[in-house]
Amino acid sequence: MMKPDQAEGLRKLVQQSQTITLAPLSVSGQAKTIAVMSGKGGVGKSNLTLNMALSIASAGKRVLVIDLDFGMGNIDILLGKTSTSSILDVLVRKKSFQAAMTKGTDNLYYISGGSGLEQLFSLDKDQWSFFLEEMERMMRDFDCIFFDMGAGLSKDQLPFVLSAGEVVVVTTPEPTSIMDAYSAIKHLAIHQFEQSVQIIVNRCKTPSEGSETYRKLAGVVTSFLHRKLVFAGAVPDDPAVPKAVAEQIPFYIKQPHSRLSKTIKMLAETLYHQQIREARREQHTFIDKLSSFFRRRKVDS
Ligand SMILES: Nc1ncnc2c1ncn2[C@@H]1O[C@H](COP(=O)(O)OP(=O)(O)OP(=O)(O)O)[C@@H](O)[C@H]1O
Ligand SMILES: [Mg+2]
């Protein structure tokens, strides 16, 4: 039987060999940050996030997907991969992002969600500053970072959404999904989120269903919340999506030129470039905003 110190040494060795070393980006700046959320669950967030990320990665940008769906995370399953680490390792166990992330495909990396993120709000000062430093490094090492959120918005996910450069709410044309999207946007409004929220209508059965759904949602949001939305676009209901899920090969990899993939590429480019324009006006960075949560946290709780 292996002695405990030998086992520990072996674990360290395995961890070291899995650490990903990233070359500096040729043009290093601040990664664009895109948070994808919804009110109702199962509306397609993870599939849209992953395939949008793949489309940006295939255009030569380095992209990281952070699965913030704690407990139900599935980015690795959609990619047909398994990972032994999660974001909790970075948050709690002081593992670097580079040691905790997994390479998905060329230019695409991901970090899995882990159950128990409620710990975010109970991190001590050292753990939190370690996490922020790591996050800061990721902002330099990547061109774009997507956050795939769980359904609804937990207290621990909120800081990431409120700090992101672009927030996308995904809904389907179902009335229940529209109402849940409204509730999610109301939740953001309560937390003084001032940016425009981007809306993606997924699983549209006709070309007009997307804009009709958006109009309904924008109507209630304008009347009751006095907030503006932006219609990012509509995604068709397509059997290629469940097929890709079953095969564990993202549809953007299998059929990059399909109508579905072209729609995804267009959406991703809109979100990515929109943020480059906005970043010129933006005064506070993602990290500034995220770190302000830790300072306020003690007061709020
Ligand atoms: N455009 C689409 N056409 C057909 N099916 C779709 C489409 N988008 C998503 N789906 C199906 O919907 C299901 C849920 O998708 P997904 O896991 O991406 O949703 P989610 O919002 O991330 O769910 P959760 O809230 O559980 O995280 C999957 O089985 C997927 O096949
Ligand atoms: Mg999901």
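Note that the structure is predicted; figures quoted are calculated from it, not measured. Start at 1 with the first residue, then count along the sequence. Whatever order the structure lists ligands and atoms in, that order sets their numbers, starting from 1.
Checked by distance only, ligand 1 and D148 stay at 3.5 Å or farther apart across all their nitrogen or oxygen atoms. Inclusion of P236 in the set of residues having an N or O under 3.5 Å from an N or O of ligand 1 is warranted. Polar contact check, V43 against ligand 1: a nitrogen or oxygen pair lies under 3.5 Å apart. Considering backbone and side-chain atoms alike, K40 places every N or O at 3.5 Å or more from each N or O of ligand 1. The N/O atoms of S38, backbone and side chain alike, include none that comes under 3.5 Å of an N/O atom in ligand 1. Considering backbone and side-chain N/O of G42, one or more are found under 3.5 Å from N/O of ligand 1.
Applying the 4.0 Å criterion to heavy atoms of V245 picks out, from ligand 1, the atoms 31 (O). Atoms of ligand 1 found under 4.0 Å from any heavy atom of G41, numbered from 1 in the order shown, are 25 (O). Less than 4.0 angstrom separates some heavy atom of P242 from each of these atoms of ligand 1: 4 (C), 5 (N), 31 (O).
A salt bridge links R227 to E194: at least one charged side-chain nitrogen sits closer than 4.0 Å to a carboxylate oxygen. Under the 4.0 Å criterion applied to side-chain N and carboxylate O atoms, E133 and R137 are not assigned as salt-bridge partners. At a threshold of 4.0 Å, the pair D237-R203 counts as salt-bridged, since one of the basic side-chain nitrogens sits closer than that to a carboxylate oxygen. For the pair R140 and E136, the salt-bridge criterion is not met [side-chain N within less than 4.0 Å of a carboxylate O].
At a heavy-atom cutoff of 4.0 Å, ligand 1 is contacted by no atom of L48, backbone or side chain. Only the side chain of N202 comes within contact range of ligand 1, with a heavy atom under 4.0 Å; no backbone atom does.
Heavy-atom distances between P239 and ligand 1 stay at or above 4.0 Å for every pair. Residue G150 places every heavy atom at 4.0 Å or more from ligand 1.
Taking the centre of each ring, F142 and Y109 come in below the 6.0 Å mark. Checked against the 6.0 Å centroid criterion, the rings of F147 and F286 qualify as a close aromatic pair.
Because the distance cut-off is set at 2.8 Å, S46 qualifies as a neighbour of the Mg ion (ligand 2) through one of its N, O or S atoms.
The cluster map of Ile, Leu, Val, Met, Phe, Trp and Tyr, joined by side-chain heavy atoms under 4.5 Å apart, puts V168 and M266 in different clusters.
When I264, N47, L78, T263 are checked for heavy-atom proximity to atom 28 (C) of ligand 1, N47 turns out nearest.
Between the side chains of S208 and S211, no donor-acceptor pair of N or O atoms lies under 3.5 Å.
Contact annotation: the side chain of M37 never approaches that of V170 to less than 4.5 Å [non-hydrogen atoms, C-beta and beyond].
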